[in-house]
2 protein chains.
Amino acid sequence: MDTSPRRRATRTKLYEAAVTLIAEKGFSSTTVDEIAERAGVAKGTVYYNFASKNELFEELLRHGVGMLAQSLQQAADTALADNGTRVDALDSMIRAGLEFIDRYPAFTQLYVAELWRTNRAWQSTLRTLRRQVVTVVEDVLRDAVATGELNDEIDVQLTASALVGMVLVAALDWQAFQPERSVDDIHAALSLLLQGRVSGS
Amino acid sequence: MDTSPRRRATRTKLYEAAVTLIAEKGFSSTTVDEIAERAGVAKGTVYYNFASKNELFEELLRHGVGMLAQSLQQAADTALADNGTRVDALDSMIRAGLEFIDRYPAFTQLYVAELWRTNRAWQSTLRTLRRQVVTVVEDVLRDAVATGELNDEIDVQLTASALVGMVLVAALDWQAFQPERSVDDIHAALSLLLQGRVSGS
DNA sequence: GGCATTGAACTGACCGGTCAGTTCAAAAAG
DNA sequence: CTTTTTGAACTGACCGGTCAGTTCAATGCC
């Protein structure tokens with residue numbers, strides 16, 4: 001069963017082992033033997049729990065993106081329930097995104113590395129998952145336009161992409177090149193950009 | 001000689017073949033045989049021209065990033081020489097970035113996919129190349145702060161990352177999901193974001 | 001012009017090694 | 001007794017890199 005606690009634990013161990021290895025070396029140079037070894041599990045166990053290396057990876061993606069989308073959605077909901085504006089909601093989502101990346105940097109690396117590839121087996125899976133994330137942002141943007149909080153000339157889809165990209169790249173650079181800085185610090189810098197308070201003194 | 005016209009042509013063919021294949025499938029699942037085949041060249045020729053698969057890839061990266069950095073720098077210089085503001089220069093760089101991605105989408109995909117990996121042979125090469133690009137943006141930002149054109153509270157490094165990320169992700173999404181749109185169109189949407197004219201009606 | 005020589009450039013069959021995936025008997029866990 | 005894990009053995013495909021041999025444009029010579 002999927003819900004057997006024992007099996008669940010094994011799968012989680014395999015996810016964790018796979019995510020870091022694949023983030024480091026890429027999917028195809030990561031071997032199943034390595035994954036099993038790092039998870040502290042026999043190779044046969046991998047194939048008892050997943051049909052193939054590919055399937056292990058796809059479920060890993062689903063698992064990670066599910067967590068991210070949920071975390072973003074919750075951030076937006078909380079901000080709005082708390083009498084915040086839509087821009088406050090966006091700001092909360094930026095923070096939630098940063099916290100996610102801080103907690104699961106390997107997953108983020110791997111996601112970015114695979115998202116725009118063509119001709120991959122899991123390409124359609126990945127596109128579906130992308131929508132799951134971007135839609136959350138788009139919805140808030142659309143709402144903000146509807147309520148007059150944002151300029152109605154903005155291109156919702158593209159702006160959502162750009163915002164996601166802003167957070168993604170800034171956060172990955174942060175992790176890679178200035179890991180000593182705090183989430184607050186990074187969040188403040190990006191907030192400034194979101195609020196358009198970059199221009200002008 | 002490196003400058004032998006024949007060799008030059010062969011190398012160019014190999015770059016072109018390699019860049020699309022690696023963008024599609026990633027470095028390690030792209031085989032040297034495939035690269036040679038697509039370039040219309042024998043496998044031995046690859047090894048006559050490059051010491052290894054790795055070196056071919058590194059030189060490919062150097063080649064591509066060089067073009068990008070030059071194009072960005074030129075955009076900034078032209079805008080400034082044309083009596084533009086620093087923000088105009090940033091806007092021009094956004095456009096130059098979009099045009100580059102439009103012309104070399106495969107290279108961009110590959111760059112993004114490899115940039116944040118750890119434990120890779122070419123990691124240090126890639127970091128050096130990243131600086132080459134980001135520095136151009138940072139310089140303009142710093143200038144803009146010095147002249148009072150931008151808020152002096154901004155974090156130059158992080159803002160530069162964020163801007164690059166914004167363009168990168170928006171452009172890749174554009175290519176992948178709405179390829180029919182024009183550069184002008186995308187540029188306009190991102191300009192709006194840069195100028196902070198998103199907020200307010 | 002015709003002919004020989006040179007060597008950079010290219011060729012492609014081949015080799016040693018690696019890896020995904022399969023199988024299974026036996027043990028452990030619950 | 002059932003479910004899950006173990007771990008080792010095996011297979012067949014694939015792949016990076018090598019190298020002895022071939023091609024051919026340029027050069028020099030008569």
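Reckoned from all heavy atoms, side chains included, excluding hydrogens, waters and symmetry mates. Numbers restart at 1 for each chain; the letters A, B, ... are given by sequence-line order, proteins then strands.
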We want to know whether B/R38 and B/T20 form a side-chain donor-acceptor pair, criterion being a heavy-atom distance below 3.5 angstrom.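 Result is yes, a qualifying pair exists.
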Using distance alone, with no hydrogens and no angle criterion, decide if A/Q73 and A/D139 have a side-chain donor and acceptor under 3.5 Å apart.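 Looking only at side-chain atoms, A/D139 and A/Q73 do not form any donor-acceptor pair under 3.5 Å.
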Measure [atom1]/[X] against [atom2]/[N] and give the value in whole Å, please.
| X | N | atom1 | atom2 | result |
| --- | --- | --- | --- | --- |
| B/K25 | D/dC15 | NZ | C1' | 12 Å |
| B/L56 | D/dG16 | CG | C1' | 13 Å |
| A/D33 | D/dG7 | CG | C1' | 11 Å |
| A/I35 | C/dC19 | CD1 | C1' | 12 Å |
| B/Y48 | C/dT11 | OH | C1' | 13 Å |
| B/L14 | C/dC10 | CG | C1' | 11 Å |
| B/L21 | D/dC15 | CG | C1' | 15 Å |
| A/E34 | D/dG7 | CD | P | 18 Å |

Between [options], which nucleotide gets closest to the side-chain atoms of [X]?
| X | options | answer |
| --- | --- | --- |
| B/T31 | D/dG17, D/dC15, D/dT6 | D/dC15 |
| A/T10 | D/dT5, D/dG16, D/dT6 | D/dT5 |
| B/K53 | C/dT11, D/dG16, C/dA8 | D/dG16 |
| B/Y47 | D/dT4, C/dC10, D/dT18 | D/dT18 |
| A/R7 | D/dG16, D/dT4, C/dA9 | D/dT4 |

Considering residues, nucleotides and ligands other than A/Q70, do more than 12 of their heavy atoms fall under 6.0 Å from its CD?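 12 or below, so no.
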Are there more than 12 heavy atoms of other residues, nucleotides or ligands under 6.0 Å from atom CD of A/E37?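 At most 12 heavy atoms, drawn from other residues, nucleotides or ligands, come within 6.0 Å of this atom.
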By nearest heavy atom, map A/G44 and A/S29 onto DNA chain C; which one lands nearer the 5' end?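 Closest to the 5' end, via its nearest nucleotide, is A/S29.
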Between C/dA9 and B/T45, is there an OP1 or OP2 to side-chain N/O distance shorter than 4.0 Å?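 Answer is no, no contact under 4.0 Å.
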Can you tell me if the side-chain N/O atoms of B/N49 get under 4.0 Å from OP1 or OP2 in C/dC10?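 Affirmative; the distance criterion is met.
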Please state whether the base of D/dG17 and the side chain of B/K43 form at least one donor-acceptor pair under 3.5 Å?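 Checked by distance alone, the answer is yes.
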Between A/Y111, A/F27, A/Y15, which is the residue that forms a ring-ring contact (aromatic ring centres under 6.0 Å, His included) with A/F57?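 Exactly one option meets the ring-ring contact (aromatic ring centres under 6.0 Å, His included) with A/F57, and it is A/F27.
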